[in-house]
Amino acid sequence: MTEKMTLAVIYGSARQGRFCDTVASWLIREISTSSVFSLTIIDPVRLRTSRGTEKAVDPAEWMERKVAEADAFIVVTPEYNHGYPAALKELIDSVYEPWHAKPVAFVSYGGASGGIRAVEQLRQVFGELHTVTMRDGISFSKAWSKFDAAGNLYKPEEMRAPLFLMMDRLTWWARTLKNARKTTPYSEIAA
């Protein structure tokens, strides 16, 4: 049996009453039975609430560890004002080298555009971090009309094919890049 890789699901919003929880919960339900990945969550809300705890969690240190442990990422992002949220920018920019040579996929949501403008901006940012971004992703236009009050998609079968395609390609890249990083550490060629 092959050891599972780690897939980090990154929540892109920290707004109160965010719809990100609904979209991310759907994604996690769909991929939680993966025989390839074990899941971990990176959520800016968790980081903000941990700052006031007695256990003095250093958010930058925590983020660095989470990104370093992950073999692949799926960013669940809304589109705010034709871009991606500041909380997501803060998470991404708090780490540098641990992102290198890892794949990133996107699940976006928003109004009429479905968050695709946010994803296009994120592709530029992640390119600077030496990641490989997936061409295939999931986009929910008018997302609030796609889910019922319990967070279930009204037409789940419409999203499964694109999700499975994205996951197959993310898996291929995660496996390939993990093996490449073991053979030759990326820091040796990116110096």
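Values in this document were obtained by computation on a predicted structure and should not be read as measured data.
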In the structure I gave you, are the side-chain heavy atoms of [X] and [Y] within less than 4.5 Å of one another anywhere?
X    : Y   : value
L129 : Y96 : yes
I28  : I41 : yes
V67  : F73 : yes

### Task
With sequence neighbours excluded, tell me which residues meet side-chain hydrogen bond (donor to acceptor under 3.5 Å, both in side chains) with R18.
D21, D43
### Message
Check the orientation of W26 and F147. Use parallel for under 30°, tilted for 30 to 60°, and perpendicular for over 60°.
### Response
perpendicular
### Task
Mind checking salt bridge (Lys or Arg N to Asp or Glu O under 4.0 Å) for K89 and listing every partner two or more places apart, or none if nothing turns up?
D93
### Query
Who passes salt bridge (Lys or Arg N to Asp or Glu O under 4.0 Å) against D136, sequence neighbours left out?
R169
### Partners meeting side-chain contact (heavy atoms from CB on, under 4.5 Å) with N152 (sequence neighbours left out)
R29, D148, A150
### Non-hydrogen atoms of Y84 and T77 that approach each other most closely
CB-OG1, 4.0 Å
Got a list of side-chain donor-acceptor pairs under 3.5 Å for residues 106-116, not counting sequence neighbours?
{"unit_1": "S108", "atom_1": "OG", "unit_2": "G114", "atom_2": "O", "d": "2.7"}
{"unit_1": "Y109", "atom_1": "OH", "unit_2": "C20", "atom_2": "N", "d": "3.0"}
{"unit_1": "S113", "atom_1": "OG", "unit_2": "E79", "atom_2": "OE1", "d": "2.8"}
{"unit_1": "S113", "atom_1": "OG", "unit_2": "E79", "atom_2": "OE2", "d": "3.2"}
{"unit_1": "S113", "atom_1": "OG", "unit_2": "G115", "atom_2": "N", "d": "3.3"}
{"unit_1": "S113", "atom_1": "OG", "unit_2": "R117", "atom_2": "NH2", "d": "3.4"}

### Residue pairs involving residues 170-181 (criterion side-chain hydrogen bond (donor to acceptor under 3.5 Å, both in side chains); sequence neighbours excluded)
D71-R181
### Message
How about CD on E128, more than 12 heavy atoms from neighbouring residues, nucleotides or ligands closer than 6.0 Å, or not?
### Response
no
